[in-house]
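Letters A, B, ... mirror the listed sequences (proteins, then strands); counts begin at 1.
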Protein chains: 2
Amino acid sequence: MNKTPIWKSIALSLTSDIAEGRYQTGDRLPTEAQLAATHGVNRHTVRRALSDMADQGLVHSRRGAGVFVATRPTEYPIGKRVRYHKSISASGKMPGKKILALTTRAADEAEADALGLETGDTVHVYDGLSLADGQPIGLFQSVFPAKRFPDILQILTETQSVTKALQRCDVPDYTRISTRLTARAATATQALHLHLSEGAPVLFSIGINADPEGNPVEYGRTTFAGERVTLTLNED
Amino acid sequence: MNKTPIWKSIALSLTSDIAEGRYQTGDRLPTEAQLAATHGVNRHTVRRALSDMADQGLVHSRRGAGVFVATRPTEYPIGKRVRYHKSISASGKMPGKKILALTTRAADEAEADALGLETGDTVHVYDGLSLADGQPIGLFQSVFPAKRFPDILQILTETQSVTKALQRCDVPDYTRISTRLTARAATATQALHLHLSEGAPVLFSIGINADPEGNPVEYGRTTFAGERVTLTLNED
DNA sequence: GTCTATGATTTGTATAGTTGTATAGGATAA
DNA sequence: TTATCCTATACAACTATACAAATCATAGAC
């Protein structure tokens, strides 16, 4: 793993503050003591960062007065922009999809609980990969109750779209009744599928979709590539 | 004939010291050198024991400072609509906030855009740490337009709560009009604050809150410890 | 109004202590 | 053999504390 010294991370943070205009040339930075408190470190560690920035000519300090912004960084590494914004409500409507597996098996406890089944009831499972511009952005698994949707796997081979498949199963519309989100580290297999390195941050989402009557129809788990995806939650 | 490694017995001894309350949460343990001397072993052997205890979440060490008894690890859900305070105390945990910094500075492009200001307009900034049972779960930054809320920093020193501070600024209620979420790797300073190791997955959230008239009042950025936080989105 | 004294604030410097990491090597058991 | 456990040494990174030196704001004297 990367072992960035803390002072370097602080220097980078302050440099970006200057680069993005939060502190402008001539402005006084917060005092060393304040910066130390903000970053949760000792004052000397802040001084190490400021010293580095002073060497680069970004800031200059005057004893008793403070630290002032000298110039804006000429060359600041702009973070890779996140390219794909995906709305959480538009789960099944992604541009590209690749079917990885279509299986029928017994439901585990979490799945049964979410779908209102008994543990061991059979479910149809759709494993797939979401793509955008040919790049993998999400690894998903959709679980459907087999009893209610006996032919859904067959239909999915034709449409690949969960929304359309459910429509052809007499579920014209569905809504998300529950979502849980957390950040995790990519496992080896996830990394492989999503073209990430193992341990890279991924966004893990668990959601339950239900028909207009409130009966759960799909239990979905998705792992998004953190580097390439931003979820936008739109409240109407 | 003792088959158990020395480090394991040291770890056990220290663990029972903690269990019996000889060292309480937050207390600093004796230095590695002292522990090595009292146990009559090399410092590295002590480190092996401490490393094992750290893996179990019993202790937490800070370079240069010492080894401290860790607060017990727990998981906390957070609602999207529900205010932080409410959702945490509903799960039976003691919520808390720690002010890291209160600053006034120029708005960068993103902040100005979100709050409907011009780049360079002054904003008030609240940097803080969200805690639950003393355990850090999120690192946040709230940005307010200085023109509309000239005294908000003063108020925040008293309440620490964004909701209450806005209430005292004649914003009785506000709603989230935009949320963006992604997974990232913790930087060195974030890791320090959140008691994670560098590169650990964190959940990064950018949100805009607006008053009932739709005028943006707060631009917030939060970094959640992925290990300890699950966001649950309750769509009504 | 201007000058000056004073005290608080802020940066600069010094010293010592503590944890993190790297390297090397000996002892013991599978 | 190989792996694990433990020792030994050295240095880097960070913390803690204290004090000195420069700056600034303010009050009081003139």
Treating primed atoms plus P, OP1 and OP2 as sugar-phosphate and everything else as base, which nucleotides of nucleotides 13-18 of chain C get B, S or - for protein heavy atoms under 4.0 Å?
BB--BB
Could you pick out which residue, Ile6(B) or Asn42(A), lies toward the 5' side of DNA chain D when each is mapped onto its nearest nucleotide?
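By nearest-heavy-atom nucleotide position, the 5'-most residue is Ile6(B).
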Need to verify one output field. Residue with the more 5' nearest nucleotide on DNA chain D, Val41(B) or Val46(A)?
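Closest to the 5' end, via its nearest nucleotide, is Val41(B).
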Looking at residues at least two apart in the chain, or sitting in another chain, which of them share a side-chain hydrogen bond (donor to acceptor under 3.5 Å, both in side chains) with Gln56(A)?
Asp52(A)
Residues forming a ring pair (Phe, Tyr, Trp, His ring centres under 6.0 Å) with His44(B), sequence neighbours excluded:
none
Ring pair (Phe, Tyr, Trp, His ring centres under 6.0 Å) partners for Phe140(A), two or more places apart
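Residues passing ring pair (Phe, Tyr, Trp, His ring centres under 6.0 Å) with Phe140(A): Tyr126(A).
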Between [atom2] of [N] and [atom1] of [X], the distance in whole Å:
{"X": "Leu35(A)", "N": "dT10(C)", "atom1": "CG", "atom2": "P", "answer": "11 Å"}
{"X": "Arg48(B)", "N": "dG20(C)", "atom1": "CZ", "atom2": "P", "answer": "15 Å"}
{"X": "Lys8(B)", "N": "dC6(D)", "atom1": "NZ", "atom2": "C1'", "answer": "15 Å"}
{"X": "Leu50(B)", "N": "dC6(D)", "atom1": "CG", "atom2": "C1'", "answer": "16 Å"}
{"X": "Glu198(B)", "N": "dG20(C)", "atom1": "CD", "atom2": "P", "answer": "14 Å"}

So, is [X] near the phosphate of [N], with a side-chain N or O under 4.0 Å from OP1 or OP2?
{"X": "Ser61(A)", "N": "dG12(C)", "answer": "yes"}
{"X": "Arg62(A)", "N": "dA22(D)", "answer": "no"}
{"X": "Trp7(A)", "N": "dA13(D)", "answer": "no"}

All pairs passing ring-ring contact (aromatic ring centres under 6.0 Å, His included) where residues 47-70 of chain A contributes a residue, at least two apart:
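Every pair satisfying ring-ring contact (aromatic ring centres under 6.0 Å, His included) with a residue in residues 47-70 of chain A: His60(A)-Phe68(A).
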Holding to side chain to side chain contact (heavy atoms under 4.5 Å, CB included), I want the full list of residues that pass it with Pro172(B), two or more places apart in sequence or in another chain.
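Partners of Pro172(B) under the side chain to side chain contact (heavy atoms under 4.5 Å, CB included) test: none.
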Quick check: does any side chain N or O of Arg148(B) sit under 3.5 Å from a backbone N or O of Cys169(B), one acting as donor and the other as acceptor?
no
